[in-house]
Amino acid sequence: MLSQAVSILEVLAGKMAMGAEVVVQGWVRTRRDSKAGISFLAVTDGSCFHPLQIIAPNTLPNYESTVLHLTAGCAVRVTGTLSASPAKGQAVEVQATDIELIGDVENPETYPISPKHHTVEYLREYAHLRSRTNLIGAVTRVRASLSYAIHRFFHEHGFYWLPTPIITTSDCEGAGQMFRVTTLDLAHLPKTPEGQIDYAQDYFGKESFLTVSGQLNAESYAMGLSKVYTFGPTFRAENSNTSRHLSEFWMIEPEMAFADLNQIAELAENLLKFIFKVVLQERPDDMTFFEKQVDAKCIERLDHFIHEPFVHLDYTEAVEILLKAKKKFEFPVHWGADLQSEHERYLAEEYVGRPVVVKNYPKEIKAFYMRMNDDGKTVAAMDVLAPGMGEIIGGSQREERLAALEKRIVELGLDLKSYEWYLDLRRYGSVPHAGFGVGFERLMGYITGVANIRDLIPFPRTPKNARF
RNA sequence: UCCCCGAUAGCUCAGCCGGUAGAGCAAGUGGCUGUUAACCACUGGGUCGUUGGUUCGAGUCCGACUCGGGGAGCCA
């Protein structure tokens, strides 16, 4: 019985002949009754954006007992005949010969997902049921399509996927606050004779954390496989409460040997253009929904992006632009200061109107591993700033010269000993190399126009919230 | 963590100068119709986030707390 069923996607895509018998399974969205002796059911199974219209005639043996009591959320299996729809709104429909109630809705009055509009805030409270909504269904399908496109892009460009570890004992990744991983009994912590917590007794024999970046590991493998990328979950423990921040999110980090900053800027541009094209091709139904209900500009924005070259600015130029801007900024702009959100927004949203690459930042505001430029003042870093989402990509050419890297580590007061394995990469066959990190959910936000990153991942983890 | 805003029916919201609560949708019943978030009528549904205070009287005013949102910082 189950094996006969087809997805609604297959039915609506025209893969079945008119008059064919079909079996579909899904959840009822709406029911409308007609005294002409039929009921209309909109049934969705999530395989595509559009629901399938089912015609349920009152001659069905369970019409009175079951069909007339179907409400939003009921799970049904429908057997029927595929036919052309005489009314507007859908090309095909199914004339049901059997409707089986698989899962009832216990109390229709309290079923949280009504066919009416719900706010995204409300849906977050029902993250376990929100996958049945148009919005979250569309987000999830686009997300899957995007993930696959990313793997495909790298695969086709000779990059090897590298699953870097999620648990790390390296507390020097420097990219953010870390979540501790421990098996110690927090109520009875072992102490050293000096009174410190004795991590030698912890599971890994030293302090361990969830990764904030796979970059350092990726650099290691780029020194052997030339082109690698990570794509996996990443954890940041900042007490950050904004529409752009998740405690657990996904990041893509390509790392390329024998490459400089401009080459990875080009790689970033090609990557974005490729994946945007794929999403537009593979998910026109969902993107049309976003355009109608979420962000009228989302498709136009991607189209425009695909056909325009990246705008590159040097940090120094960006500062000059900001100084000349007529807009009043809360925080003054001067060379050497990090760009504030309002500055990034001005550059991406007003000055350029789409993502912009800012390169060569002052060394003081960037990480130790970024390659020192010849001016001795700036490092070969780049950020891609997207309107509405802020920094979606951050990358750099890495310092491949042993002496220069050691100097930076010491200058910043970091412990050379902790970086021994990382320094080894500079001792044995070091080459110029570069890479960047893409915030996957931020990218989703740019594509779909969905404003809050918490609606772009299935079960968002944020400060004070790890439900479900 | 900081600043601002909010919390009233299952959902989205209204509720004016303090006088014990209202709409639309959803649900139930009936009517009508190859319908498209259908439509029409009726019905049920609320200790107004929690807690303390002011007051004869608090959804309304004040304090604290909890949760949510926007922004900042942090970050991708």
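In what follows, chains carry the letters A, B, and so on, assigned in the order in which the sequence lines appear, proteins first and then strands, with residues in each chain numbered from 1.
Rounded to whole Å, the distance from CD1 on A:Ile38 to C1' on B:rA38 is 13 Å. Remark: C1' of B:rG31 and CG of A:Leu68 are 14 Å apart, rounded to the nearest angstrom. As rounded to whole Å, 11 Å separates atom P of B:rU35 from atom CD of A:Gln90. Whole-Å rounding puts the A:Phe40 CZ to B:rA37 C1' distance at 15 Å. Protein atom CG of A:Leu41 is 17 Å distant from nucleotide atom P of B:rG34, rounded to whole Å.
In this structure, the side chains of A:Pro233 and A:Phe249 stay at 4.5 Å or more apart for every pair of heavy atoms. Inter-residue side-chain proximity for A:Arg454 and A:Leu246 is flagged as met; some heavy-atom pair is nearer than 4.5 Å.
Closest to the side chain of A:Lys35, out of B:rC11, B:rG34, B:rC32, is B:rC32. For A:Ala87, taking side-chain heavy atoms from C-beta onward, the closest of the listed nucleotides B:rG28, B:rU36, B:rU33 is B:rU36.
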Starting from the C-alpha separation in whole Å, work towards a yes-or-no answer on side-chain hydrogen bond (donor to acceptor under 3.5 Å, both in side chains) for A:Trp250 and A:Thr234. CA-CA 6 Å; A:Trp250 282 57; A:Thr234 308; over 6 Å; no
I'd like to know whether A:Thr316 forms a side-chain hydrogen bond (donor to acceptor under 3.5 Å, both in side chains) with A:Asp314, so could you lay out the CA-CA distance, the side-chain angles of the two residues, the decisive distance to 0.1 Å, and finally the verdict. CA-CA 5 Å; A:Thr316 302; A:Asp314 253 40; 5.2 Å; no
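Ring planes of A:Phe459 and A:Phe468: tilted class, angle from 30 to 60°. Between A:Phe329 and A:His343, the angle of the ring planes goes over 60°, which puts this pair in the perpendicular group of the 30/60° scheme. Ring planes of A:His312 and A:Phe310: perpendicular class, angle over 60° (limits at 30 and 60°).
Of the C1' atoms belonging to B:rG44 and B:rA26, the separation is 13 Å, rounded to the nearest Å. Atom C1' of B:rG71 sits at a distance of 24 Å from the matching atom of B:rA64, rounded to the whole Å. Comparing B:rU1 with B:rG45, their C1' atoms are spaced 42 Å from each other, to the whole Å. Rounded to a whole angstrom, the distance from the P atom of B:rG19 to that of B:rG57 is 14 Å. A distance of about 12 Å separates the C1' atoms of B:rC62 and B:rU55, rounded to the whole Å. Distance check on atom C1': B:rA58 versus B:rC16 gives 16 Å, rounded to whole Å. Taking the P atom of each, B:rC48 and B:rG73 are spaced 40 Å apart, rounded to whole Å. Here the separation of B:rU12 from B:rC74, taken at their P atoms, is 34 Å to the nearest Å.
Among the atoms of the strands shown, none is found under 4.0 Å from any heavy atom of A:Leu443. At a threshold of 4.0 angstrom between heavy atoms, the contacts of A:Thr119 are confined to the sugar-phosphate backbone, with no base atom among them. The residue A:Gln293 sits apart from the nucleic acid: no heavy atom pair falls under 4.0 Å.
Proximity of A:Arg32 to the phosphate of B:rU36: no side-chain N or O atom is located under 4.0 Å from OP1 or OP2. In terms of phosphate contacts, A:Ser34 brings a side-chain nitrogen or oxygen within less than 4.0 Å of OP1 or OP2 of B:rG34.
When each of A:Ile453 and A:Glu93 is assigned the nucleotide of RNA chain B bearing its nearest heavy atom, the one mapping closer to the 5' terminus is A:Glu93.
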Its dot-bracket string being built from Watson-Crick and G-U pairs below 3.5 Å, with | for another strand and [ ] for crossing, RNA chain B has the pattern (((((((..((((.....[..)))).(((((.......))))).....(((((..]....))))))))))))....
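For the pair A:Lys366 and A:Tyr361, the cation-pi criterion (under 6.0 Å, within 45° of the ring axis) is fulfilled.
The aromatic ring centroids of A:Phe153 and A:His157 lie less than 6.0 Å from each other. In this structure, A:Phe231 has its ring center closer than 6.0 angstrom to the ring center of A:Phe440.
Residues satisfying the side-chain hydrogen bond (donor to acceptor under 3.5 Å, both in side chains) criterion with A:Thr230, sequence neighbours excluded, are A:Glu253.
Classified by its glycosidic torsion, B:rC16 falls in the anti category, the angle being over 90° from 0.
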What string of B, S and - do you get for nucleotides 64-73 of chain B 5' to 3' if you count protein non-hydrogen atoms under 4.0 Å? ----SSSBBB
